[in-house]
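Numbering of ligands and ligand atoms starts at 1, following listing order. As the structure is a prediction and not an experimental result, all values here were calculated from the model. The figures here come from the full heavy-atom set of this structure, side chains too, leaving out hydrogens, waters and symmetry mates.
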Amino acid sequence: MRDTASSSRRSLTRGRGALLTAGALCAVIFLVTAGLVLTLPERPESGGAGQLPQLARRNDIDLGVAVAVNPLVHDREYRSVVTEHYTSVTAENTMKWEYVQPQRHTFDWSGPDTVVGFAERNGLDVHGHTLLWHNQQPAWLAQGSWSPDELRQVMREHMQALMGRYQGRVTSWDIINEPFEDTGPRLRQHLWYEVLGEDYIAEALTMAHEIDPQARLYINEFGIEGGGPKADALYRLVTDLLERDVPLHGIGFQGHFVHGNVPEDLSEHLRRFTDLGLEVSVSELDVRIPEPVPEGALQDQAREYARVIEACLDVPRCVRVSVWGVSDGHSWIPEWFPGYTAALPFDESYTPKPALGAMVQALSRRPSRPPTR
Ligand code: G3I
């Protein structure tokens, strides 16, 4: 009996022990799972909706997107993609000269007001794009015959109107867009250069600083992301401007990449400019793929998006990565580069592509970087 009793106690104890072990195991599994859920992005493969802004802010980096007015007004899904995934917006076109001042002294604020109002209602920052550029100028400006003083007056009026209207609301501006010829290294011989000479750049930056002393003033350029003669020429220009105390705060590396050509050493080229005391951004990121999209290309593209985010995170004064469009259905690529497609993190139906998950992962992998601004 005793034996039987003790054996049943033993088996009871063993049973309890097994129960306790199973319970502890469950608890461990639960805690590990809960821990993972808390530390890993939620369903990054689904696009990590809501994760990106939080992760970007934690890393003190702005994650921007270029927006167009029409879908911003008429397309609810378009608006959701912007508010759920980004922390700032850039107007893709509507703050450009031809839209803002289509006739001299006639300003159209409908587009810019829409973008800035949308951003403010949704807690997004606005990066201003763009003041002096050779494209998208109205005919009255491009075809006018100007003396240097007249053109300076035109420049001042336009800057005062645009920057003045959004002072304190648009906190950084591309003052000079694409100053070098497409393949560099010569300065672009456009209206501003021809009438005012090389110093139009210093004049414009100085004027912009007088109008809005708090704004961060940028030169925005393409084809400089992997170094080379154009980047060197920009470096020399910028060094000269800084030596002369011209108010310049940042360089935008546009980042219009062809799939397979995102430089491995992007961070080095960014850092070269932050070493001068400037901030930098990747201002117009897209990675275009030739049609038909080869198998595996979207996964490779995802790694390229991650590489860009990581490069920016590696450089303390890299403040922003902005993608150039909300979805492949709104991208400038098919119109400008026939035969190329699929350059952005969302497809035409707003379905997130691997690139979006890769951005989430890139931002989640690192410990938060300390604030630098
Ligand atoms: O203005 C007409 C409008 O009246 C018409 O209804 C509409 C119909 O398609 O076309 C409008 O013009 C288009 C304009 O964007 C505004 O949507 C042009 O056809 C189109 O070629 C133009 O392209 C823009 C391009 O700049 C112009 O140079 C792109 O959307 C815009 O993404 C692109 O952005 C530039 C950056 O500002 C600077 N860096 C390079 C980048 C890509 O070119």
[X], portion touching ligand 1 at heavy-atom distance under 4.0 Å:
X: Phe222; answer: neither
X: Phe337; answer: neither
X: Asn177; answer: side chain

- Going by distance only, is there an N or O of Glu98 that falls short of 3.5 Å from an N or O of ligand 1? no
Output the list of atoms in ligand 1 that are nearer than 4.0 Å to some heavy atom of [X], sorted by atom number.
X: Asn135; result: 28 (O)
X: His256; result: 40 (C), 41 (C)
X: His129; result: 36 (C), 37 (O), 38 (C)

- Query: Can a cation-pi geometry be assigned to Lys230 and Phe222, taking NZ or CZ under 6.0 Å from the six-membered ring centre and within 45° of the ring axis?
  - Reply: yes
- Test the Arg288-Phe257 pair against the cation-pi criterion, namely NZ or CZ under 6.0 angstrom from the six-membered ring centroid and within 45° of the ring axis. no
Joint cluster assignment, [X] & [Y], ILVMFWY side-chain distance < 4.5 Å:
X: Leu196; Y: Met159; answer: yes
X: Leu278; Y: Trp173; answer: yes
X: Tyr350; Y: Tyr305; answer: yes

Would you say [atom] has a protein heavy atom nearer than 4.0 Å?
atom: atom 20 (C) of ligand 1; answer: yes
atom: atom 27 (C) of ligand 1; answer: yes
atom: atom 8 (C) of ligand 1; answer: no
atom: atom 5 (C) of ligand 1; answer: no

- Are side-chain N/O atoms of Thr206 and His209 paired as donor and acceptor at under 3.5 Å? no
- Side chains of Ser110 and Asp108: do they bring a donor and an acceptor to under 3.5 Å? yes
- Message: Can you classify the ring geometry of Trp97 versus His158 as parallel (below 30°), tilted (30 to 60°) or perpendicular (above 60°)?
- Response: parallel
- Task: Determine the interplanar angle of the Tyr340 and Phe337 rings, folded into 0 to 90°, and report it as parallel if under 30°, tilted if 30 to 60°, perpendicular if over 60°.
- Result: perpendicular
What protein heavy atom sits nearest [atom], and how far away is it?
atom: atom 23 (O) of ligand 1; result: Trp336 NE1, 3.4 Å
atom: atom 30 (O) of ligand 1; result: Asn93 ND2, 3.0 Å
atom: atom 22 (C) of ligand 1; result: Gln136 NE2, 4.2 Å

- Query: Testing Leu313, Leu363, Ile309 for side-chain contact (heavy atoms from CB on, under 4.5 Å) with Val321, which one passes?
  - Reply: Ile309
From [options] - option closest to [atom] by heavy atom:
atom: atom 39 (N) of ligand 1; options: Glu92, Glu284, Glu335, His330; answer: Glu284
atom: atom 13 (C) of ligand 1; options: Trp133, Trp332, Trp324, Tyr99; answer: Tyr99
atom: atom 35 (C) of ligand 1; options: Met95, Lys96, Glu221, Gln254; answer: Lys96

- May I ask you to say whether Arg272 pairs ionically with Asp232, meaning some side-chain N is under 4.0 Å from a carboxylate O? yes
